[in-house]
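Data first, discussion second: the structure below is written as structure tokens.
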There are 2 protein chains.
Amino acid sequence: MSTPSKIGSPKKISESTIHRLSLYYRALSLLEKENYDTVSSKQLAKIERLTPAQVRKDLSFFGSFGTRGLGYPVNELKQKIATILGIDRQWRVALIGIGNIGSALVSYKEFARQGFQIVKLFDNDQRKIGSNHKGIIVSDIKNLEQELSEASIEMVVLTTPPTVAQYLVDDIVNSGVKAILNFAPINLKVPEHIYLRNENMAMELEYLSFALTNNAPPRRQPSY
Amino acid sequence: MSTPSKIGSPKKISESTIHRLSLYYRALSLLEKENYDTVSSKQLAKIERLTPAQVRKDLSFFGSFGTRGLGYPVNELKQKIATILGIDRQWRVALIGIGNIGSALVSYKEFARQGFQIVKLFDNDQRKIGSNHKGIIVSDIKNLEQELSEASIEMVVLTTPPTVAQYLVDDIVNSGVKAILNFAPINLKVPEHIYLRNENMAMELEYLSFALTNNAPPRRQPSY
DNA sequence: AACTTTATGTGAAATGCTTCACAAATCGAG
DNA sequence: CTCGATTTGTGAAGCATTTCACATAAAGTT
Ligand SMILES: NC(=O)c1ccc[n+]([C@@H]2O[C@H](COP(=O)([O-])OP(=O)(O)OC[C@H]3O[C@@H](n4cnc5c(N)ncnc54)[C@H](O)[C@@H]3O)[C@@H](O)[C@H]2O)c1
Ligand SMILES: NC(=O)c1ccc[n+]([C@@H]2O[C@H](COP(=O)([O-])OP(=O)(O)OC[C@H]3O[C@@H](n4cnc5c(N)ncnc54)[C@H](O)[C@@H]3O)[C@@H](O)[C@H]2O)c1
């Protein structure tokens, strides 16, 4: 029992646990749409192909949200997880590099719905600067630092070619941005206090290639 | 010493190790371009922000590729890793759902360069069927199973809306495809012998949101 | 109110992964 | 050819994460 102090207290929570919270959130959104009131760790585990013990343990790091004999209240748990993940608010996001991937991300409405609001676009291509994507005008990369700062951008999504990505990091960091999601296949060097995540699609294809090539053992769910 | 039997023997290799092989491959490609002949585990580790011990341990699962006192031969190690990952050959890939993300992936030349050859496109939108993307004509989803099978497709990239993704799995599986990379935010149910990986961009944004919200502890490199 | 059923929350055990630390091997200098 | 410097390859130790298993609690039933 004994409720851990506060939601989001700075305990040592593993990356996998956070990723699974995203999965629980997604599953709960689904259950909510289907008008479920409560859900057991067993059901929740089944939807995302995990184990009930895993679900309970993950949630227990943040508090005690269920009712013994009954399960978890769908709507309430969803809200609690939103609070833990910090997606119960809007984040101001800028996108840098409005090419193939960048354009796809701007058009994706689900991000805004989950609290990630793309409010600034940047490129260095004269043909793109000034153009309108979903109501946002593409800014010149020359003014990156100042415009990020003026727009109070908190997160940046980087979808430029890898060759220029590192070069842009200084301006991004100086502007006060604290988190970067990087799509360029390169290991960016950023100061200690900046959160960086990489999205590497080639890596997943290569994993499949490895599995097929080596008859990788009885498939388990990806480890999150 | 004692060289482990064969490259790609069915040992118990962790997911993280495979992901790191992708990173080593990328680093070695870079070093090769810069005309390095050999590289130490220390240098390699530095490029991808890992530890030398980790690099050596990972490689040791597959054989013994280095020279004590010297390091690893760049070109040779790169080739060995390509063989381990199965990217020393061409994979025949089909892409299903030629929307925002799908179009971006078709245009991406690096995939082909790494052995992933997109040779078939599918959609159910009459305006898209028959249209030409980078030299490939979009096929009607109605003929999915047959065309996948006739084209000897080995992997499928799924970029349709989540609502239809599960519905397409049967045809994909029946066609003989053995691996699926899924971009739809849904947990697909596939038979035991099919390899499935999910690409979930929202998850990474949510991780950043969590980190910012909770002042997550001294950032470590994502765990692979 | 007692009894049965169900399902949470959590220490402890089991498993898995990373780091340590050092013997073994190679290189280059003298 | 020997010695000192370097760096691999790898058991074993150290951590981290997952799973187990059960006491605990709530709800429904008789
Ligand atoms: N397209 C894909 O499917 C795919 C897949 C995996 C990884 N990636 C990676 O994602 C990134 C983007 O890929 P893409 O296909 O969208 O490329 P792209 O060339 O279509 O887009 C890159 C954009 O960045 C802009 N740009 C270039 N230099 C810039 C600078 N200094 N400042 C601001 N903007 C600049 C370009 O004008 C262009 O609009 C690349 O790093 C690529 O390796 C792409
Ligand atoms: N766009 C993004 O940035 C983004 C980000 C994260 C996740 N996703 C996910 O990726 C997937 C694709 O996103 P998108 O933005 O490209 O969507 P989109 O609507 O632009 O593209 C979907 C494509 O699938 C096609 N399609 C629909 N039903 C089909 C069917 N039965 N058979 C074949 N094709 C069919 C549509 O005609 C369309 O071309 C979605 O599941 C989305 O949730 C997208």
Side-chain angles (χ1 to χ4, degrees), chain A residues 1-5 7 11-21 23-24 31 36-74 76-77 80-81 216-218 220-224, chain B residues 1-5 7 11-21 23-24 36-46 48-74 76-77 80-81 216-218 220-224:
Chain A
M1 285 275 86
S2 79
T3 313
S5 44
I7 276 180
K11 312 168 87 72
K12 193 178 50 20
I13 304 292
S14 80
E15 188 178 320
S16 316
T17 291
I18 304 309
H19 279 164
R20 283 190 299 264
L21 288 185
L23 299 183
Y24 304 148
L31 290 166
Y36 280 80
D37 284 341
T38 58
V39 64
S40 66
S41 59
K42 200 171 156 190
Q43 292 174 279
L44 209 39
K46 184 154 185 228
I47 296 177
E48 296 296 350
R49 291 267 228 310
L50 302 162
T51 66
Q54 180 92 81
V55 172
R56 295 201 300 276
K57 179 62 92 176
D58 282 338
L59 295 176
S60 78
F61 292 134
F62 300 97
S64 130
F65 308 121
T67 305
R68 291 174 189 213
L70 234 200
Y72 300 91
V74 170
E76 205 181 304
L77 182 58
K80 287 269 168 56
I81 292 180
R220 274 249 331 286
Q221 186 67 359
S223 72
Y224 46 71
Chain B
M1 286 273 90
S2 79
T3 313
S5 43
I7 276 180
K11 314 168 86 71
K12 193 179 48 15
I13 305 292
S14 81
E15 189 177 318
S16 316
T17 291
I18 304 309
H19 280 164
R20 283 189 301 264
L21 288 185
L23 299 183
Y24 304 147
Y36 281 79
D37 283 342
T38 57
V39 64
S40 67
S41 59
K42 199 170 157 190
Q43 291 174 279
L44 208 40
K46 184 155 185 228
E48 295 296 350
R49 292 263 230 312
L50 301 162
T51 66
Q54 181 90 83
V55 172
R56 294 201 300 276
K57 180 60 93 175
D58 283 338
L59 295 176
S60 79
F61 292 133
F62 300 97
S64 130
F65 307 120
T67 304
R68 292 171 187 213
L70 235 200
Y72 301 90
V74 170
E76 204 180 305
L77 182 58
K80 287 269 170 56
I81 293 180
R220 274 246 334 284
Q221 186 66 357
S223 71
Y224 46 73

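From a predicted model like this one, the values you see are computed outputs, not experimental measurements. Letters A, B, ... are given to chains in the order of the sequence lines, protein chains preceding strands, and every chain is numbered from 1. These values consider heavy atoms only, across backbone and side chains, with no hydrogens, waters or symmetry-generated copies.
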Hey, does the side chain of [X] come within less than 4.0 Å of [N]'s phosphate (OP1/OP2), counting only N and O?
| X | N | value |
| --- | --- | --- |
| B:Tyr72 | D:dG9 | yes |
| A:Ser40 | C:dA7 | no |
| B:Arg20 | C:dT18 | yes |
| A:Thr51 | D:dT19 | yes |
| A:Arg56 | C:dG9 | no |

Whole angstrom value for the distance that separates [atom2] of [N] from [atom1] of [X]:
| X | N | atom1 | atom2 | answer |
| --- | --- | --- | --- | --- |
| B:Lys12 | C:dA14 | NZ | C1' | 13 Å |
| B:Asp37 | C:dC27 | CG | C1' | 15 Å |
| B:Asp58 | C:dT18 | CG | C1' | 10 Å |
| B:Phe65 | C:dT26 | CZ | P | 16 Å |
| B:Leu77 | D:dT7 | CG | C1' | 15 Å |
| B:Ile13 | C:dG16 | CD1 | P | 13 Å |
| A:Leu50 | D:dT18 | CG | P | 10 Å |
| A:Leu59 | C:dT10 | CG | P | 11 Å |

**Member of B:Ser40, B:Ser64, B:Ser41 meeting the side chain to side chain donor-acceptor pair (under 3.5 Å) criterion with B:Arg56** =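 Of the listed residues B:Ser40, B:Ser64, B:Ser41, the side chain to side chain donor-acceptor pair (under 3.5 Å) partner of B:Arg56 is B:Ser41.
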**Request:** Nearest-nucleotide wise, let me know which of B:Gly71 and A:Gln54 is further upstream toward the 5' end of DNA chain D.
**Result:**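 Per heavy-atom nearest nucleotide, the more 5' residue is B:Gly71.
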**Worked verdict on B:Tyr72 versus B:Lys80 for side-chain contact (heavy atoms from CB on, under 4.5 Å)** = CA-CA 11 Å; B:Tyr72 301 90; B:Lys80 287 269 170 56; over 6 Å; no
**Given DNA chain C, 5'-ward residue of the pair A:Ala53 and A:Leu70, judged by closest heavy atom** =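 Closer to the 5' end of DNA chain C: A:Leu70.
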**Asked** Closer to the 5' end of DNA chain C via nearest nucleotide, is it A:Lys57 or A:Thr67?
**Response**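 The residue whose closest nucleotide sits nearer the 5' end is A:Thr67.
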**Asked** Side chain of B:Arg68, base of D:dT7: donor and acceptor closer than 3.5 Å?
**Response**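 Check fails, no donor-acceptor contact within cut-off.
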**Prompt:** A:Tyr24 and A:Leu77: side-chain contact (heavy atoms from CB on, under 4.5 Å), yes or no, with the steps?
**Reply:** CA-CA 9 Å; A:Tyr24 304 148; A:Leu77 182 58; 6.0 Å; no
**Prompt:** Of the non-hydrogen atoms in B:Phe65 and B:Leu59, which two are nearest, and what is the gap between them?
**Reply:**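 Smallest interatomic distance, heavy atoms only, reads CE1-O, 3.7 Å.
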**Request:** For A:Ser41, report the nucleic acid contact type (base, sugar-phosphate, nothing); a contact means any heavy atom under 4.0 Å.
**Result:**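 Sugar-phosphate, no base atom in range.
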**Message:** Once side-chain contact (heavy atoms from CB on, under 4.5 Å) is applied, do any residues pair with B:Thr67, and if so which ones, sequence neighbours excluded?
**Reply:**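 B:Thr67: side-chain contact (heavy atoms from CB on, under 4.5 Å) contacts with B:Leu70.
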